[in-house]
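These notes concern the structure reproduced below.
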Amino acid sequence: MKMSDQKIQTFNDKEEDAHGNPETNDISENAPASFPVDESEDDSTLVPADEKAAPQVGMMDHDPNTSVSGEADPNYVHPSTTEETTEVANIHAQTETDTQDSGVPENVYSDGDTTAVVTSFKPASPEEKSATATVKVMLLPDGYVMTVAFAIGLTTDNLKEHFTTELKIPPNVLQITFNGDVVEDSKTLMDLGVRPHGTIQLEMSSTDPQNYPIKPIKPQQEYNMPDVITVRVQKDADTYQDVVVEIERTTRCKAFLGGYRHKITGVEFHHAGVQTISKKRPDNGIEKFCRNTQTVREKSQHQQVTYTTSTQMTKIGCYVSNTTDKLISPGKYFSADEYHYRRLKAVIVIQTYARRWHAIRLVKQLSRDRMVRLDWEKKEEQRKKKEKEDRLKREYERRMHPKTKEDFDLLYHALEKWRQEELEHINATLTGAERKAALCALLEQETQLIASIGRHKLDANEEIIKNSVQAFLEKCSEPKKWKAFDDKITEMDTQYTIRARELKDIYATINMKHLTQDERLDVLLTLKHTVKEHKCKLTEDIVELIDREADLLMRGVKESNLEGLRKRISTLFLQYIKTPTFNPEVARLLKVPQDPSLLHKNIYFCPGCRRYLRSTEFSLTANSRTTGRCHQCNKLDNVARQREDLNKYKNMLTQLRQAEAEYDKKAKIAFLLQEQDLQYLLRVIWATQSALSAWDDLYDLVMIRWNKYVEWSPWNCIMLTKEEAAAHLKLDNVEQAYGVVFIRKVKHKHTLAKKYFSQIPTMAQFLHSRDSQPAAPGNDLLVTKPAVTQA
């Protein structure tokens, strides 16, 4: 098919689609004029169809064959080009006839999906050269299309000059191609096969895209209708009147009036709606309902109606076959009582089997529960055994390789326990001179063990000092941190933290081992330049030691002979780091404040070591009246005399505080107790055993609330195992769950705890608070001794 025939066919198909072509689906009952969908269109910005259809020269425009959904519609014809298309079709049809008569060879021309046969024409007349054609220029590489009406007699160079003003690019840089071939500047559109009122698509690119890239032209701004317009109305033949019209801008959605949908492309065309706002019906005060909203309750029910039946017997004139008949004989007659008795026996049989079935199910369920219980008990026993083994293994490791204060307390406690056992054995088996000799041998063994523990302590102290120095330097050099409103951590480095970080790196470098001679000299030189920034006695000593080590290194002295000198340099440099004059960031971490006026606050005298220390260096018990001795003196006295291990009580106190913090963040009493106070509470008042089962392993015991709705306190607590504690906390009312004797025993212990802990002034105010449990009445204290039950 030739181009003219195809264009005429396209226009006819489009016209048929608008009048009921089977390729379109009517999606409404009433179908007025159809328009493409434009959901963004507003009532206040409606543009007349003629203005909207007219192409604008130099503006970025999509291909008119492209639908709303972005797909190409091969059957689409712009309304404004209908007459032009018909005229072009007639010209091509006439040309085809002339070509066939004259026998001029034909050329094939391809435009997208349309293939046309173009014949050679005679030289065009001046009227034909002045005619215009539609030129579509695709801007590469973006693929934007610009549409312009251009005279077919003009050359390609004129087309470049036109787009030069639009794109602001020199014409010698622009390059126009047609069907993959570069078009010369001297060729016209007629040379390319374009006829009057025809259409051609060209590609335009830049020969220098780096310096002169082709950018798409922004479309013109949308026309905004003013709020008020003036309309001139003709009243008579020579009389006109200006009327002011106010434009109403509404935000309502236009009603959906249906439309059509193209079967092939899927493009929807909706019917246009009116622009005026519909009038509301006046409210007459009567409530009205739509008929479609009423619901009807339907019910289907079967009715039994009379059904007349009859029988037919053999008679004269009628024969009924009896081959399928059955003989029925009457059975044994039984009365109503016999019938009910038989039904009762059947019911009893059914109940028997049903009860048997339920009993079997119950027994199986009990058996399963028993197996689950036994399995759980076995796992619990294995878990407890494993936990005990792990605990003993950790204690053995702590005794063999002690590192912390708690480890040495455990060693001294084990030593004291061994000494007591040996002393009891000697006193029970020996007398006289043999007893004295055994006691002397025991004393000598104890001395050797204490010396061995002391050697372990020296080794551990070196590691502890090394770790403490490293932690001190890390804390000095860490940046400032704070939390923002969105829980993000913000870090900031100051000049002081940067200085502290530099000193930390130098300190780590001078303590490195296995450095070469040149590397060691570089480290010493860096250290020397750092300390020479400040001139004082300390820096002079450091510089002197650095020069001495450098001289010995140049003399070839062994590194083993330089360990003492290097240790002195490290120690003096650490003292340099701890001086606030040289490292200002360290001032906030020193125990001794730089301001002498602060030494008069919270400073107390220790009669043991005869030193003045801060209040944090002293521990206060429940019955303390004075500050007493400091932590160091108490630790030394414990090692020399009692040798008690308070680590168990410390762990139990930590667990208690964590549990109270989870119950109530405002809990205070649990945080006022010390390890010695908890030791007295467990040993003296609760006898270090469970109140229910008398279990005495302290690792399995916990202190919980007696009344879980009241804050924990020494007069509102009970000592139980972990399993018993979990069951106790599930009780809502302890007064109803336990017996009278057990409740009196617990309240008696609470009274003893009140009497002892009321000596603390801070804790005495909680005794009479409304949140605490009231004291037990006098007639309840019938049980004066703890009643221990057998496990």
Side-chain angles (χ1 to χ4, degrees), residues 401-405 407 455-482 489-594:
H401 304 285
K403 296 180 180 180
T404 61
K405 173 183 174 297
D407 297 344
R455 288 191 295 270
H456 283 289
K457 185 178 291 186
L458 290 176
D459 297 338
N461 284 337
E462 293 182 1
E463 188 67 23
I464 291 174
I465 292 174
K466 182 178 179 181
N467 294 336
S468 62
V469 170
Q470 187 65 26
F472 176 80
L473 296 177
E474 291 287 345
K475 197 170 184 179
C476 288
S477 59
E478 66 181 4
K480 307 293 183 181
K481 298 179 181 180
W482 64 86
I489 303 299
T490 304
E491 298 182 356
M492 182 187 68
D493 278 323
T494 63
Q495 56 180 351
Y496 298 146
T497 57
I498 296 175
R499 170 70 175 177
R501 192 176 299 115
E502 293 176 355
L503 296 178
K504 182 196 72 171
D505 295 339
I506 296 175
Y507 181 80
T509 307
I510 64 175
N511 289 322
M512 292 178 63
K513 305 291 183 181
H514 311 293
L515 294 177
T516 62
Q517 182 177 349
D518 296 338
E519 293 174 349
R520 183 65 184 178
L521 290 175
D522 292 340
V523 171
L524 294 176
L525 184 60
T526 304
L527 176 60
K528 184 176 180 179
H529 289 312
T530 302
V531 299
K532 285 180 68 176
E533 297 176 359
H534 304 84
K535 189 174 181 181
C536 64
K537 177 63 176 175
L538 178 60
T539 57
E540 291 177 358
D541 293 342
I542 296 175
V543 171
E544 181 182 355
L545 294 177
I546 291 173
D547 295 338
R548 186 182 305 175
E549 182 181 355
D551 182 58
L552 293 176
L553 285 174
M554 298 301 295
R555 294 174 183 270
V557 180
K558 295 181 180 180
E559 291 188 1
S560 59
N561 298 330
L562 298 175
E563 291 182 359
L565 181 59
R566 292 178 177 178
K567 190 172 183 180
R568 289 182 60 189
I569 295 175
S570 177
T571 305
L572 291 178
F573 185 63
L574 180 61
Q575 184 179 355
Y576 176 87
I577 294 175
K578 291 184 178 180
T579 305
T581 305
F582 313 133
N583 186 12
E585 190 65 21
V586 82
R588 62 184 179 87
L589 301 177
L590 295 178
K591 291 185 178 180
V592 180
Q594 299 300 311

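Computed over heavy atoms, backbone and side chain alike; hydrogens, waters and symmetry mates excluded.
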field: Taking every non-hydrogen atom, the tightest pair across Val586 and Ile577
entry: CG1-O, 3.8 Å
task: Dump the intermediate steps for side-chain contact (heavy atoms from CB on, under 4.5 Å) on Phe472 and Cys476, then the final yes or no.
output: CA-CA 6 Å; Phe472 176 80; Cys476 288; 3.9 Å; yes
field: Ion pair Lys513/Glu563, N-O distance below 4.0 Å
entry: no
message: Please report the interatomic distance CD(Glu559) to CG(Asn561), rounded to the nearest 0.5 Å.
response: 10.5 Å
Minimum heavy-atom distance Leu503-Tyr576, with the two atoms named: CD2-CE2, 4.2 Å
- prompt: Between CZ of Arg455 and CG of Leu458, what distance do you get to the nearest 0.5 Å?
  reply: 9.5 Å
query: Can you tell me how far NE2 of His401 sits from NE2 of His456, rounded to the nearest 0.5 angstrom?
result: 8.5 Å
- request: Taking all non-hydrogen atoms of both residues into account, name the closest pair between Thr526 and Thr530 and its distance.
  value: O-OG1, 2.8 Å
message: Can you confirm whether more than 12 heavy atoms, excluding those of Lys403, are under 6.0 Å from its NZ atom?
response: no
- request: Return yes if some donor-acceptor pair links the side-chain N/O of Asn583 with the main-chain N/O of Thr579 below 3.5 Å, else return no.
  value: no
message: What verdict does the salt bridge (charged side-chain N to carboxylate O under 4.0 Å, His left out) test give for Arg555 and Asp551, after you've listed the backbone C-alpha separation in whole Å, the side-chain angles of each residue and the deciding distance to 0.1 Å?
response: CA-CA 6 Å; Arg555 294 174 183 270; Asp551 182 58; 2.9 Å; yes
query: How many angstroms lie between atom CG of Leu552 and atom CG of Asp547, to the nearest 0.5 angstrom?
result: 11.0 Å
- prompt: Quick one: does Ile464's side chain get under 4.5 Å of Asn461's, heavy atoms only?
  reply: yes
- prompt: Is the backbone of Arg566 close enough, under 3.5 Å, to the side chain of Ser570 for a donor and an acceptor to pair up by distance?
  reply: no
field: Taking every non-hydrogen atom, the tightest pair across Ala460 and Pro402
entry: CB-O, 3.9 Å
- prompt: Which heavy-atom pair separates Phe582 from Arg499 by the least distance, and what is that distance?
  reply: O-NE, 3.3 Å
task: Spell out, as yes or no, whether a donor-acceptor pair under 3.5 Å connects the side chain of Asp407 to the backbone of Thr404.
output: yes
query: Can we say Asp541 and Lys537 salt-bridge, meaning some charged N sits less than 4.0 Å from an Asp/Glu carboxylate O?
result: yes
query: Quick check: does any side chain N or O of Thr539 sit under 3.5 Å from a backbone N or O of His534, one acting as donor and the other as acceptor?
result: yes
field: Short side-chain to backbone donor-acceptor contact, Arg501 and Ser477, under 3.5 Å
entry: yes
message: For Arg588, is there an ion pair with Glu585 - N to carboxylate O distance below 4.0 angstrom?
response: yes
- request: Kindly compute the distance separating CD1 (Ile546) from CG (Leu521), expressed to the nearest 0.5 Å.
  value: 11.5 Å
query: Should the pair Glu462-Lys567 be classified as a salt bridge under the 4.0 Å nitrogen-to-oxygen rule?
result: no
task: Run the numbers on Leu524 and Leu553 for side-chain contact (heavy atoms from CB on, under 4.5 Å), then give the verdict.
output: CA-CA 11 Å; Leu524 294 176; Leu553 285 174; 4.2 Å; yes
- prompt: If you draw a 6.0 Å radius around CE in Met554, do more than 12 non-hydrogen atoms from other residues or ligands fall strictly inside?
  reply: no
statement: Looking only at heavy atoms, the pair that brings Glu478 and Thr497 closest together is O-CG2, 3.7 Å
field: Contact check, side chains of Ile569 and Leu527, non-hydrogen atoms, under 4.5 Å
entry: yes
Glu549 bridged to Arg520 by N-O distance under 4.0 Å: yes
